Amino acid sequence: LGRIMRPDDANVAGNVHGGTILKMIEEAGAIISTRHCNSQAGEPCVAALARVERTDFLSPMCIGEVANVSAEITYTSRHSVEVQVNVMSENILTGAKKVTNKATLWYVPLSLKNVNKVLEVPPIQYARKEQEDEGKKRYEEQKLDRLETKQRNGDMIYPIINPEPHTVGYSQSSLIHLVGPSDCTLLGFVHGGVTMKLMDEVAGIVAARHCKTNIVTASVDAINFHEKIKKGSVITISGRMTFTSNKSMEIEVFVDADPFVDESRERYRAVSAFFTYVSLSKEGKPLPVPQLLTETEDEKRRFEEGKGRYLQTKAKRQAEVQQAARQ
Amino acid sequence: LGRIMRPDDANVAGNVHGGTILKMIEEAGAIISTRHCNSQAGEPCVAALARVERTDFLSPMCIGEVANVSAEITYTSRHSVEVQVNVMSENILTGAKKVTNKATLWYVPLSLKNVNKVLEVPPIQYARKEQEDEGKKRYEEQKLDRLETKQRNGDMIYPIINPEPHTVGYSQSSLIHLVGPSDCTLLGFVHGGVTMKLMDEVAGIVAARHCKTNIVTASVDAINFHEKIKKGSVITISGRMTFTSNKSMEIEVFVDADPFVDESRERYRAVSAFFTYVSLSKEGKPLPVPQLLTETEDEKRRFEEGKGRYLQTKAKRQAEVQQAARQ
Amino acid sequence: LGRIMRPDDANVAGNVHGGTILKMIEEAGAIISTRHCNSQAGEPCVAALARVERTDFLSPMCIGEVANVSAEITYTSRHSVEVQVNVMSENILTGAKKVTNKATLWYVPLSLKNVNKVLEVPPIQYARKEQEDEGKKRYEEQKLDRLETKQRNGDMIYPIINPEPHTVGYSQSSLIHLVGPSDCTLLGFVHGGVTMKLMDEVAGIVAARHCKTNIVTASVDAINFHEKIKKGSVITISGRMTFTSNKSMEIEVFVDADPFVDESRERYRAVSAFFTYVSLSKEGKPLPVPQLLTETEDEKRRFEEGKGRYLQTKAKRQAEVQQAARQ
C-alpha cells in the first residue's frame with residue numbers, strides 16, 4: 001500500500017494529518033486480515049477493527065512524499081487477528097526514507113451473511129514457539145484493557161458558555177458527520193480508519209484552539225471499538241483537553257452514534273480515546289504549550305489522570321532507551 | 001458542466017443532497033463570471049460569490065443520473081455580475097430530462113493582487129432595454145435585502161442539555177470543518193459552494209433528527225456572503241429548526257469562522273440562511289412532519305417569523321400559478 | 001463537462017496529474033455512449049470502457065484552470081461505440097485556451113439486468129461514406145491489437161532487495177486500493193477512469209523515483225480493459241520502468257484484481273498499459289533523463305521492445321508533421 005500525500009491530506013504548514021495516516025494503516029490492516037480470514041473454504045467474511053494499540057508518530061510526513069504502508073499478521077486467536085503495520089515516509093526526490101509509524105491492530109471476522117456472527121480465524125504458523133507465547137500474552141493483555149475501558153465509557157461533554165482562554169471549555173469542540181457509502185465496508189458499517197480520521201480532526205482543532213499555533217499528532221493511546229456504526233447514522237465526535245505538560249497536550253475524544261433512521265436504538269457511545277499533540281514552530285521545533293486551566297473537580301481529576309498516563313509513558317520510554325543502550 | 005451522480009453525493013435513499021447541487025451551481029457561476037470579468041484588458045481578478053437568490057429544488061435527482069449545469073450572465077452592475085444557472089437531471093438510460101433547479105447568483109470581482117480591492121465589471125449587451133431595467137430592479141432589491149440580513153446576523157446557538165423530542169434543542173446540530181486547499185479559490189478563500197454544501201449537510205441532520213425519516217432539501221432562502229473565509233480557518237456550521245408546517249421544516253443555519261492561526265482576528269459570522277426540508281416516504285411521497293415544540297420567547301418569535309416566510313412564499317407561488325394559467 | 005482544477009488534482013509543481021484528465025475523459029465517454037446505447041427502446045444498458053487508444057498530453061494543465069471536455073460518437077459497430085473526446089484547458093483570467101488532449105475510447109453496452117450480456121448498439125448516421133469506412137478500419141485494427149495484448153498479460157513484478165539507483169528494481173512501485181462505491185458504475189463495476197487515474201499515480205511515482213525531479217505524463221499507450229473489476233475487490237497496481245530515451249521514460253503498469261471475499265475467483269490481471277513521462281525543470285523545460293540500467297535478460301528484452309515503440313511513435317509523428325507541411 002502506498003500513495004502520494006496531497007494538499008488535502010495536510011495542514012497549512014504542509015504536515016500530513018495524523019488521521020490520514022491512521023486511516024491508511026487501518027485500510028492495510030483490514031485488507032490483510034480479511035484476506036487471511038477468507039483463505040480457507042467456509043463462510044465469506046469481512047474483518048472488522050476491534051482495537052488499535054498505542055501508536056507513536058515518530059516523524060512528520062509532508063505533502064509530495066510517498067507513504068509506504070506494509071502489514072503482517074503476527075498472531076491469531078480463535079476469533080481475532082493481530083496485525084502489525086509499518087509506515088515509512090519516502091521523499092521520492094531525495095530518496096530519503098523514515099519510519100513514521102508502527103501500529104498494532106486487532107481484527108475480528110464477521111460473517112458477510114450475518115453481521116452479528118463472529119467466525120473462526122484460520123491459525124497462522126509461527127517460526128518459533130516463543131512468538132506464539134508472546135502473541136498470546138499480548139492477546140490477554142488487550143482483552144483485559146478492552147473490558148476496563150468499556151466501563152468508563154459513560155462520560156459526556158457538556159458545552160460551556162463564554163469560556164476563558166486556556167480553560168477546558170474554551171477549546172472543546174465537536175463535529176457531526178453523516179455516514180456515507182464510501183465510509184463503509186461491504187457489511188455497511190463504518191471503517192475503523194474513517195472514525196479515527198474524524199477523531200484526529202476534532203482533537204487537532206481542540207489543540208489548535210488551545211495554543212493557536214501549528215500542531216501535529218504525537219501519539220494515540222490504545223483505541224477500542226466497542227460498537228459498530230451503521231451506514232446512514234449520524235456520528236458526533238467530541239473532544240476536550242484533559243492534560244498539558246510543558247510541550248504536549250492530551251485530548252480525550254468520544255464518538256457517539258445516532259442511528260436515527262432505525263428508531264429502535266438510542267444514541268450510544270461507539271469509541272473513545274486519548275490523542276497527544278505537540279505544538280511546532282515554523283522551523284518545526286517543539287514549542288512550549290500554555291498550561292490548561294482546570295476549574296471543576298472533574299477537570300482537576302482528569303488532569304491528574306492524564307499526568308499519570310504522561311509519566312507512565314515517559315518512564316516506559318526511558319526504560320526502553322536504557323535497555324537499548326545496554327544491548 | 002456536468003457529471004454523473006455517485007453514491008457519495010446522495011443519502012441512503014439514493015436522493016442527491018441539495019448541497020451537492022448547490023456546490024455545482026456555484027462552480028458554474030464562478031467560472032462564467034470570472035471569465036466575463038477578465039474579458040477586457042486590466043487587472044486579473046477572481047469572482048467571489050456575494051449572494052444566492054432563493055432556490056427551489058423542483059424534483060429530486062438520483063444516483064446514476066447526469067447533472068447538466070448551464071450558466072448565463074443576465075445583468076451587470078458596476079461592481080457585480082448576476083448569473084442565472086439552470087440544472088437539469090438526465091436519466092441516460094431512459095433519456096428522461098427534468099429541470100431540477102433554477103438559481104440566480106451574484107458575484108463580485110476581487111483583484112488577484114489585492115483581495116480587498118473590488119474591480120469594475122465589463123458591461124454586457126442587452127437584447128432589449130427592458131432586460132436591463134428588470135435586471136437593475138433585481139439588483140436594487142437584493143442590495144436592500146443584503147443590508148437587512150447583515151443587521152440580524154448577531155444571533156448565536158446555545159446548547160441545551162437533555163432536551164425533549166421535537167423541541168428546538170433536541171434537533172439542533174453543529175459541525176466544525178478545517179478549511180483545506182481544495183475548498184479554496186485561487187485567492188485562498190473558501191468557495192461559496194463549499195460553504196453551502198456544509199450548510200445543507202447540517203440542515204439535513206437537523207431535519208432528520210426531528211422527523212427520523214428520509215428527508216430532502218425543498219428550497220433555500222436567499223443566502224448572503226458577508227465575509228470571506230480564509231484557508232486554514234476553522235468554520236463552525238450550526239443549525240436549528242425555526243418552523244414546521246404540516247409537510248415542511250424550516251432550519252436556520254449559521255456559519256462562523258475562526259481564523260485561529262491569524263491571532264489578530266476574533267471569530268466572526270460569515271454567512272447565515274434558511275433551508276426548507278420535506279420528509280419523504282419510501283415511495284417518495286411527502287409525509288406529515290411532527291410539529292416543532294417551542295419553549296422560550298425567542299423560539300416562539302422565530303416560529304412566527306418562519307410562518308410569515310412560509311405564507312409569503314405560498315402566496316407568491318399561488319400568484320405565479322394563476323398568472324401562468326391566465327397566459 | 002468541465003470543472004476547475006484544484007490543488008488535489010495536481011502535483012507539488014502545480015501541474016494537473018494526467019490521471020485526473022484521463023478520469024474526466026472517461027466520464028465524458030461513458031455518459032455519451034450510455035446515452036446513445038439507450039436511445040432506442042429496448043433493454044436498458046450501461047456502456048463499459050473496453051479500450052482507450054494512444055493518447056498524447058499536448059500541453060500541461062495547471063491549478064485554477066478550467067478543463068472543458070467535449071465528446072462525440074464517431075463510429076458504431078454492432079456491439080461497440082467509438083467516442084472521440086477533446087480536452088481544452090482554459091485560463092479564465094487571461095482567456096487563453098489550449099488543446100490538451102484528444103482521446104479515442106471504445107465502449108461496449110452491458111445489460112443492466114445481466115451484466116454478462118452485451119447488447120446491440122443503435123447505428124449512427126455518417127455525413128459521408130468515407131467516415132464509415134475509416135471508422136471500420138479503426139475498429140478492425142483495435143480488435144486485432146486487443147487480442148495480442150491479451151496474450152502477453154501474464155507477466156508479474158517481483159520485489160528486489162537493496163536495488164542500485166537507476167535500475168528497474170530501484171524505481172518499481174505498487175499500490176493497493178480497496179474498491180469503494182463511488183469508484184463504481186450503476187452495474188457495480190469500477191469505472192475505467194478510476195483505474196486509469198490509479199495507474200497514472202503509480203507510473204508517476206516510478207518516474208519520480210527514477211529521475212528525482214518534477215515529472216509529467218507525456219502520453220499513454222493504448223489501454224485494453226480485458227476484465228471487469230467488482231465493488232469490494234482489492235486492486236493492486238504495479239509499475240516498472242521499461243525504457244528511457246534522452247528525454248522520456250516508459251513505464252509499464254499492471255492492474256490485478258483480487259475479489260477476496262468472493263472465493264469463487266482467483267486474483268486476475270484486469271488491465272495493463274504503457275505510460276510515457278518527461279522530466280521538467282522549474283521553468284517547465286524538458287530535462288535529460290538518467291538512463292535506465294537493465295540487468296536481467298527480461299529487462300534488456302523489454303528495453304529493446306520499448307525502444308521499438310519509441311522509434312515507431314517518433315517516425316509516425318514525423319510523418320504527420322511532413323504531411324501537415326505538405327498540405
Side-chain angles (χ1 to χ4, degrees), chain B residues 1-10 14 23-24 26-47 62-71 90-97 109 111-113 180-188 191 193-194 231, chain C residues 1-10 14 23-24 26-47 62-71 90-97 109 111-113 180-188 191 193-194 231:
Chain B
L1 221 119
R3 88 177 163 76
I4 301 181
M5 295 292 112
R6 294 181 293 247
D8 278 4
D9 297 320
K23 199 178 165 203
M24 293 183 73
E26 200 275 320
E27 188 170 338
I31 291 174
I32 197 173
S33 51
T34 301
R35 190 189 280 154
H36 176 75
C37 294
N38 287 288
S39 61
Q40 291 188 356
E43 227 173 308
C45 64
V46 171
C62 296
I63 298 172
E65 291 186 339
V66 173
N68 292 297
V69 184
S70 59
E90 178 191 359
N91 183 325
I92 49 174
L93 304 186
T94 64
K97 284 184 190 186
S111 163
L112 200 57
K113 288 168 198 158
S182 288
D183 298 330
C184 294
T185 65
L186 279 181
L187 291 169
H191 277 291
V194 169
K231 184 159 71 183
Chain C
L1 222 120
R3 88 178 163 75
I4 300 180
M5 295 292 111
R6 294 181 293 248
D8 269 14
D9 296 322
K23 198 178 166 201
M24 293 183 72
E26 201 274 321
E27 187 170 338
I31 291 174
I32 197 172
S33 52
T34 300
R35 190 189 278 153
H36 176 74
C37 294
N38 287 289
S39 61
Q40 290 187 357
E43 226 172 310
C45 64
V46 171
C62 296
I63 298 173
E65 291 186 340
V66 174
N68 292 297
V69 184
S70 59
E90 177 191 1
N91 183 326
I92 49 174
L93 304 186
T94 63
K97 285 185 189 184
S111 163
L112 199 57
K113 288 170 197 157
S182 286
D183 298 330
C184 294
T185 65
L186 279 181
L187 292 169
H191 276 292
V194 170
K231 183 161 72 184

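Note that the coordinates shown come from a computational prediction; the quantities given were computed from them, not determined experimentally. So you know, we letter chains A, B, ... as the sequences are listed, proteins then strands, and number each from 1. As a basis for the values below, the full set of heavy atoms in this structure was taken, side chains included, without hydrogen atoms, waters or symmetry mates.
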Short question: side chain of C/Glu27, backbone of B/Ile4 - any donor-acceptor pair under 3.5 Å?
yes

Is B/Cys45 in contact with chain C via its backbone, its side chain, both, or neither, using a 4.5 Å heavy-atom distance?
backbone

Of all residues at least two apart in sequence or in a different chain, which pass the side-chain hydrogen bond (donor to acceptor under 3.5 Å, both in side chains) check with B/Arg3?
B/Asp9

If you tally heavy-atom pairs under 4.5 Å between each of C/Ile92, C/Val69, C/Ile31 and chain B, the highest tally belongs to C/Ile92

Part of C/Cys37 lying under 4.5 Å from any heavy atom of chain B:
neither

Check whether any side-chain N or O of B/Thr34 sits under 3.5 Å from a backbone N or O of B/Ala47 as a donor-acceptor pair, and report yes or no.
yes

Note: vs chain B, highest number of non-hydrogen pairs under 4.5 angstrom among C/Leu112, C/Leu186, C/Leu93 is C/Leu93

Residues forming a salt bridge (charged side-chain N to carboxylate O under 4.0 Å, His left out) with B/Glu90, sequence neighbours excluded
C/Arg35

